[in-house]
Amino acid sequence: FPAPAENITENGWKTVIDLNLNGTWNVIKAVQSTHSPTNGPLSIVNVTADVRNGKLFMAHTAAARAGVENLAKTLSQEWGNQGIRVNCVAPGTILGNGMNNYSDEIRRQTVETHYMNPLGRLGTEAEISAAIVFLLSPASSYITGTTLQVTGGAHLRKGMEDSFIPYSDDYVIPAEFGFDTITRGITGQPGYFQNPIPSGFEGLVDKYTKKAKL
């Protein structure tokens, strides 16, 4: 939940840390304790957030997610000789069901600033899933202790630099990126939402897909 740091209560802080950091550790430890090298290699992938440069009004979550990323670095060194790889995926702003948990104001700001990354758009759940599958697969067998930033390049920016970058609305985003299944609502397919388009984002999805061209 977004809040200025000084407004975060002790209980609010402890709850977020307990869920995001302690909860992650508990699951990872349970998995490691039942793993045997004779079973073959094991890949653990944690989903964090784009917190490399901190996260305004999310001090509790940023601290917890940064802790998870550092935990992955430590465990990848301690457990590598057990055949265990530990990595993280850090999503940027994703057009998914989670958006419905935020206030109207935050959703409005997200729509207005959707282009403020090098790729000029928001991401999809399908793109995050693809990153996770990659880190779980043999294709990443020599990667460990790494955080894969799936942010459209947003983690490279400082904010005001975006005002100097020209953006184009002329291209249509390829269907395989996941936006087509948002608009078509194909159950069980990557990018499908229970509520097809998060409230307030209907126009943005239309803009991305240009409907008839998909």
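Side chains included, hydrogens not; waters and symmetry mates left out as well; all remaining heavy atoms used.
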Specify the closest pair of heavy atoms between [X] and [Y], including all atoms of both residues, with the distance to one decimal.
X	Y	value
A64	I17	CB-CD1, 3.8 Å
P91	V89	CD-O, 3.3 Å
I94	M99	O-CE, 3.4 Å
P37	Q82	CG-O, 3.8 Å
G67	L21	C-CD1, 3.7 Å
A90	D50	CB-N, 4.3 Å

So, the side chain of [X] versus the backbone of [Y]: is there a donor-acceptor pair under 3.5 Å, distance only?
X	Y	answer
T74	N70	yes
T9	G12	yes
S140	I143	no
E127	T124	yes
N117	R121	yes

Side-chain heavy atoms nearer than 4.5 Å, only ILVMFWY residues, links allowed to pass through others: does that put [X] and [Y] together?
X	Y	result
L71	V47	no
W13	V16	no
V111	I106	no
I128	L135	yes
I84	W25	yes

Fill in: Side-chain heavy-atom pair V51, E69 within 4.5 angstrom cut-off
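Side-chain contact under 4.5 Å: yes.
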Worksheet item: Quick one: are I28 and W79 in side-chain contact, heavy atoms under 4.5 Å?
Response: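 Counting from C-beta outward, I28 and W79 do come under 4.5 Å.
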Item to complete: Would you mind listing every salt bridge (Lys or Arg N to Asp or Glu O under 4.0 Å) that reaches into residues 5-14, with sequence neighbours excluded?
Response: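 Applying salt bridge (Lys or Arg N to Asp or Glu O under 4.0 Å) to every pair that reaches into residues 5-14, excluding sequence neighbours, yields E10-K14.
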Quick one: [atom1] on [X] to [atom2] on [Y], what's the gap to the nearest 0.5 Å?
X	Y	atom1	atom2	answer
L19	H60	CG	NE2	11.0 Å
F134	S129	CZ	OG	15.0 Å
R107	F201	CZ	CZ	7.0 Å
N46	T147	CG	OG1	8.5 Å
L148	T151	CG	OG1	9.5 Å
K73	N87	NZ	CG	11.5 Å

Item to complete: Under the side chain to side chain contact (heavy atoms under 4.5 Å, CB included) rule, what do L42 and V31 come out as? Steps first, then yes or no, please.
Response: CA-CA 9 Å; L42 171 67; V31 170; 3.6 Å; yes
Worksheet item: Out of Q109, R108, H114, which residue meets the side-chain hydrogen bond (donor to acceptor under 3.5 Å, both in side chains) rule with E112?
Response: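 It is R108; the other options fail the test.
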Discussion item. Would you say OH of Y102 has more than 12 non-hydrogen atoms from neighbouring residues, nucleotides or ligands within 6.0 angstrom?
Written reply: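 Not buried by this count: 12 neighbours or fewer within 6.0 Å.
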